[in-house]
Amino acid sequence: MKLILSSNSPRRKELLAGLDIPFEVRVKDGIDESYPTSLPTNEIAEYIARKKAAAYQVSGDEVLVTADTIVVLGDNILGKPADAQEAKAMLGALSGHTHHVITGVCLKSSDLQHSFSVVSEVTFRELQESEIDYYVSHYKPFDKAGAYGIQEWIGYIGVTRLSGSYYNVMGLPVQRIHSELTRHFL
């Protein structure tokens, strides 16, 4: 099996490397990540992961891995912030609350496609405005859903509870990926 990761995320690359399965990275730019507004929130990340997979052709012994992560607070989906102001607003909204992190994954070979979602629940303590300002100015979390990385400073000082996969919150549920690869593709 030749594993292909379709992501430029350094976190996803690091996490997938931890499985000790050789892989290469292939990324296509400009893939449409929109979704129907009628789609239930818990299906959005998996829908986008399948949409990303549809943009690729795989052959022979290749297995493609695509993923998408969203942060859900109540009825609101927090994507990647456009700027510092939006990042601070997102972190302010997460402060003192519990939210869900959903990662949808699609595994695709030349003759099989299998997708799934993993949900983790994360609780932040009340964050001070100065802490939010510090994090945004020093870590610039503009490439992260919900404007934070649990593996960074804000996760160290702010997360009080985690239920589910830590690696899912980082952006790739590697335990489940390993399990699904073993079950369906090996």
Side-chain angles (χ1 to χ4, degrees), residues 5-18 25 27-35 37 39-49 51-52 65-105 117-177:
L5 175 64
S6 71
S7 176
N8 272 326
S9 164
R11 292 164 301 284
R12 287 190 177 134
K13 291 175 192 174
E14 175 187 349
L15 290 171
L16 193 59
V25 174
V27 178
K28 286 188 176 185
D29 292 326
I31 296 174
D32 176 23
E33 295 186 21
S34 64
Y35 54 88
T37 55
L39 197 64
T41 304
N42 63 337
E43 296 177 18
I44 292 171
E46 190 173 337
Y47 175 89
I48 295 171
K51 202 170 181 183
K52 289 177 180 179
V65 179
T66 62
D68 191 73
T69 301
I70 62 171
V71 171
V72 181
L73 178 63
D75 294 330
N76 298 316
I77 297 171
L78 305 180
K80 296 174 184 172
D83 54 29
Q85 183 178 346
E86 189 174 10
K88 290 176 185 181
M90 285 182 185
L91 289 168
L94 293 172
S95 175
H97 294 99
T98 298
H99 63 277
H100 294 98
V101 178
I102 305 171
T103 301
V105 176
S117 293
V118 174
V119 181
S120 300
E121 191 176 85
V122 180
T123 303
F124 271 98
R125 68 165 171 77
E126 288 284 342
L127 299 169
Q128 301 298 313
E129 188 175 333
S130 61
E131 293 169 330
I132 292 171
D133 290 345
Y134 174 83
Y135 177 68
V136 171
S137 66
H138 285 80
Y139 289 85
K140 310 209 182 311
F142 310 124
D143 65 335
K144 296 171 178 67
Y148 79 93
I150 194 169
Q151 73 281 6
E152 295 175 338
W153 182 82
I154 200 77
Y156 296 170
I157 65 107
V159 173
T160 60
R161 191 169 65 81
L162 168 66
S163 177
S165 169
Y166 173 81
Y167 299 112
N168 181 56
V169 180
M170 283 181 67
L172 201 63
V174 286
Q175 182 280 331
R176 179 77 183 271
I177 288 173

Ignoring hydrogens and angles, tell me if any N or O in the side chain of [X] forms a donor-acceptor pair with the backbone of [Y] under 3.5 Å.
| X | Y | answer |
| --- | --- | --- |
| S120 | N168 | no |
| S137 | D133 | yes |
| D68 | I48 | no |

For [X] and [Y], which heavy atoms make the closest approach, and how far apart are they?
| X | Y | answer |
| --- | --- | --- |
| E86 | D83 | N-OD1, 2.8 Å |
| L172 | R12 | CD2-O, 3.7 Å |
| I70 | A145 | CA-CB, 4.3 Å |
| A49 | G104 | CB-O, 3.4 Å |
| P81 | A147 | CG-CB, 3.7 Å |

So, do [X] and [Y] sit near enough that their side-chain heavy atoms are less than 4.5 Å apart?
| X | Y | value |
| --- | --- | --- |
| I102 | I44 | no |
| V122 | T98 | no |
| E131 | R125 | yes |
| K88 | E129 | no |
| K13 | L5 | yes |
| L162 | V169 | yes |
| P173 | V105 | yes |
| F124 | I154 | yes |

Nearest 0.5 Å, what's the [atom1]-[atom2] distance between [X] and [Y]?
| X | Y | atom1 | atom2 | value |
| --- | --- | --- | --- | --- |
| L94 | L127 | CG | CG | 8.5 Å |
| N76 | L73 | CG | CG | 6.5 Å |
| L91 | I132 | CG | CD1 | 5.5 Å |
| H100 | N42 | NE2 | CG | 10.5 Å |
| Q175 | S165 | CD | OG | 7.5 Å |
| S7 | K52 | OG | NZ | 6.5 Å |

Inset, instruction - Please indicate whether Y167 has more than 12 foreign heavy atoms, meaning atoms of other residues, nucleotides or ligands, lying under 6.0 Å from its OH. - result: no
Legend entry - K80, NZ: over 12 other non-hydrogen atoms inside 6.0 angstrom: no
Inset, instruction - Evaluate the criterion salt bridge (Lys or Arg N to Asp or Glu O under 4.0 Å) for residue pair E121 and R161; output intermediate values, then yes/no. - result: CA-CA 8 Å; E121 191 176 85; R161 191 169 65 81; 3.0 Å; yes
Inset, instruction - Verify whether one side chain among T66 and K51 offers a donor that lies under 3.5 Å from an acceptor in the other. - result: no
Inset, instruction - Tell me yes or no: between the side chains of R11 and T69, is some donor less than 3.5 Å from an acceptor? - result: no
Inset, instruction - If the plane angle is over 60° it's perpendicular, under 30° parallel, otherwise tilted; pick one for W153 and Y135. - result: parallel
Inset, instruction - Start with the C-alpha gap between K140 and E152, add the side-chain angles, then the distance that decides, and say whether salt bridge (Lys or Arg N to Asp or Glu O under 4.0 Å) holds. - result: CA-CA 11 Å; K140 310 209 182 311; E152 295 175 338; over 6 Å; no
Inset, instruction - Kindly state whether the ring of Y139 and the ring of Y148 have centres lying under 6.0 angstrom apart. - result: no
